[in-house]
Protein chains: 2
Amino acid sequence: MNPFHPLDVILRKRDGHPLSDDQIQGFVRAVVDRTPDRPLITDAQIAAFLMAVFWRGLDTRELATLTSAMRSSGDVFDAASLNTFTVDKHSTGGVGDKTSLLIAPILAAAGLENPGPDGVPGICVPMISGRSLGHTGGTLDKLETIPGFNTQLNLDELAATLKRCGAALIGQTPRIVPADRTLYALRDHTGTVESPFLITASIMSKKLAESLKALVLDVKVGSGAFMPTYEASRQLADLLVKTGVISGTRTVALLTRMDEPLGRFSGNWVEVWECVDILRGIRHPMSHDLIELSNIMAGWMLHLAGRASTAEEGARLSDRILSSGKAYQAWLGIAAAQGGDVRVFDDPAARHKPAARRVLMAESSGYLASMNCKQVGWAVQRLGAGRARPGDPVSAHAGIESHAKLGQPVEQGQPLFTLFSEDASLLDEPEQMLRETLQISSTMPRIQPLIRETIPSA
Amino acid sequence: MNPFHPLDVILRKRDGHPLSDDQIQGFVRAVVDRTPDRPLITDAQIAAFLMAVFWRGLDTRELATLTSAMRSSGDVFDAASLNTFTVDKHSTGGVGDKTSLLIAPILAAAGLENPGPDGVPGICVPMISGRSLGHTGGTLDKLETIPGFNTQLNLDELAATLKRCGAALIGQTPRIVPADRTLYALRDHTGTVESPFLITASIMSKKLAESLKALVLDVKVGSGAFMPTYEASRQLADLLVKTGVISGTRTVALLTRMDEPLGRFSGNWVEVWECVDILRGIRHPMSHDLIELSNIMAGWMLHLAGRASTAEEGARLSDRILSSGKAYQAWLGIAAAQGGDVRVFDDPAARHKPAARRVLMAESSGYLASMNCKQVGWAVQRLGAGRARPGDPVSAHAGIESHAKLGQPVEQGQPLFTLFSEDASLLDEPEQMLRETLQISSTMPRIQPLIRETIPSA
């Protein structure tokens, strides 16, 4: 192993030359191992390197090496001892996207039906999720509205829950991919967040720390997507898939439409409520797109896990598992195993107690033509459901209910959104934000399909 | 004035958009005004910004604004009170380049001959110089081999010396362009040194802090130049001239050949010795290129100061001032005013007392065809004359004497270089470095002219 020189690595990347595996591994080790007494690399050097990567990019090998080095910078979940098929999904984030709360129990139910010889479910979902930030929601914030639900399991507790329940939904710990924690904090204040290469390394290092055999990625496109253009989302999807495949994980990415909130509710408890309804067989018309996307993603996961000969067959299997109530049983098992008080699922609507609500009505008749979905996400955040900064508190009961979907005919005075908040003074600005962004047109708009593209293509 | 947001500035430059003057000024102020209690900008943000500038460049207005904001970040020499024509030169650094020690007294002599109504020399050279670093020499290190010579004058002492002597040669102080001190230290370890834009801002902010009416720049090209290619040197020269002109300084840049050491000696005291010889009328054949370049640059300075109708006429005037002994008288005045013991100039050869010397002989007959002049500079540094790191000590007596110039016929066994050091053990490596880099060919090589180009062209 050659000694690591931060400047060499910066200069090579700056000048557009590929980095050796040694150099990339040395960089990640220096980021993690540095201390005030051993300044193996400075913040300024990390920032200069990140900006050089933003500029020059990484080739497939460099990206795989960076991802792998980041993955190995901390604790890694040891799936080998479980003798199961580990599979997970990841979404680049959207508004009202609660598919994890459906997909995890669907896959768990499939795994529990087919245990291995040692009784471990044949499929396990070791799902490590994130929190709401900016205009996007976060699975952990939703789960934590369930009384007693503990998302802070360590890796041993994760394994134990998987053995019993087939899935667990937990939060990132400081010991999982510590390199990403340092790099992300620096990227956030040095203008190096939006690099598809750095995004890929960040996402995939954390997902691969789950020791997955298969991974299905939902890369959002449209006005609510993190990436600014379709092409940027497509490039990110390509990089994510390539990086997964190189690491030996069967990886598929779906480019999916995020130009309106997914499903009926956007918020925290309201999203749990929506999922519990679905798991219990109640399919509200506004939840149609959510159910469709969840079945398609779960279908891919079942297919990659060998439980369906095609993704389409997998999607049909997923829907059957959902309809049968088996996914709900799996969900009750997971929630209980993680300390949740499952009695709240008996009447989830009753727990929704926002102090203030307001209905936003259509100002004219026509077709609901478009909205800036990011703006809708920010309105949800301002209602109290999300956070502008890491560490801010979130409200369980704030959020919005969608009463119409894009392309649908609406009449003047018809409710389009109901806004919920724990403080009536918080309603005005989000109402204004939503009002400004909703477009009603007299002609029927062209609405894109939910799944825009699948990578790799069939 | 809008509040300064570091991230906005990084993102705009990263995405290739021009920065407003407010943003650039805000950046420089934040760099200078930040304290641990007021972290207006972090090292990481500065580094990310510098890498973004390395990538995207700066347009002429942005560069002029950055340079001006850096210049104004600390003390500025107030030349108005002197009522004189301030002029200076700057070189991008080379091996054996001691033109400052000739040009300053030549211009001072011209100024002393034509004082203004209040007795101040009509031309003044407020020369702020640097130290040796890497393969290049530094004027301050040479001057400090003169017993008693004090380069650490403050700006009041600088003004007093100029009034009396027409020139002063001093070092940078922490209060002159403090922004450059911070930025340079960060550039040095984040791989952002070689940006022509950042180099221009660094050079010109310091030169313009001298409140110059005219400036002549020597931008080196060839194997000993800092910039890697002719085109890179040319781009730098263009940027330097544009930035000078925008600030109201008459500015000319010469692209000059640095593919072998300039003059007879490279080192510290040996370079003073060579200049004292020339000032006293002793013109060693090996000093020919040094005298030519000094006269051409001084000629431009005299022309810009209105003392010659063309640069060529200025060069002839410069040579007359040199031959007449007036430049030597001016030199004695400057040296004495800065505390130097001028008796050492009576027999400078006698003061050259290296503990060890070695002669490097031609290994074959032919023409001296080429050398890597940067390698020669590093050999001089390894002999003890230079420093690899800021703050390292330098030897007064180490260095080399050149016995042949490129293009000259040489015979096997003829001396090419004599190496001097204060420690015999330091001779082997530099000898090897020189031996490796010298090329003797059987055909006459094509040698470029000393002045490759003048910007702006006539």
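Throughout, protein chains are lettered first and strands after them, A, B, ... in sequence-line order, and every chain is numbered starting at 1.
Within the 4.5 Å cutoff, no side-chain heavy atoms of Met51(B) are placed close to those of Leu50(A). With a 4.5 Å cut-off on side-chain heavy atoms, His189(A) and Thr42(B) count as touching. Contact of the Thr192(B) side chain with the Arg14(A) side chain is not registered, since no non-hydrogen atoms from C-beta on lie closer than 4.5 Å.
No part of Asp8(B) comes within reach of chain A, as not one of its non-hydrogen atoms sits under 4.5 angstrom from that chain. Within the 4.5 angstrom heavy-atom criterion, no atom of Ile46(B) approaches chain A.
In this structure, the separation between CD1 on Ile41(A) and OG1 on Thr190(B) is 11.0 Å, given to the nearest 0.5 Å. Atom CZ of Phe54(B) is separated from atom CG of Asp15(A) by 6.0 Å, given to the nearest 0.5 angstrom.
Counting non-hydrogen atoms of neighbouring residues, nucleotides and ligands closer than 6.0 angstrom, the CZ atom of Arg61(A) exceeds 12 such neighbours.
Aromatic ring pairs are classed by plane angle as parallel below 30°, tilted from 30° to 60° and perpendicular above 60°; the pair Trp55(A) and Trp55(B) is parallel.
When all heavy atoms are compared, the tightest approach of Asp188(B) to Leu7(A) is O-CD2, 3.8 Å.
If you tally non-hydrogen atom pairs under 4.5 Å between each of Ala47(A), Ala52(A), Ala44(A) and chain B, the highest count goes to Ala44(A).
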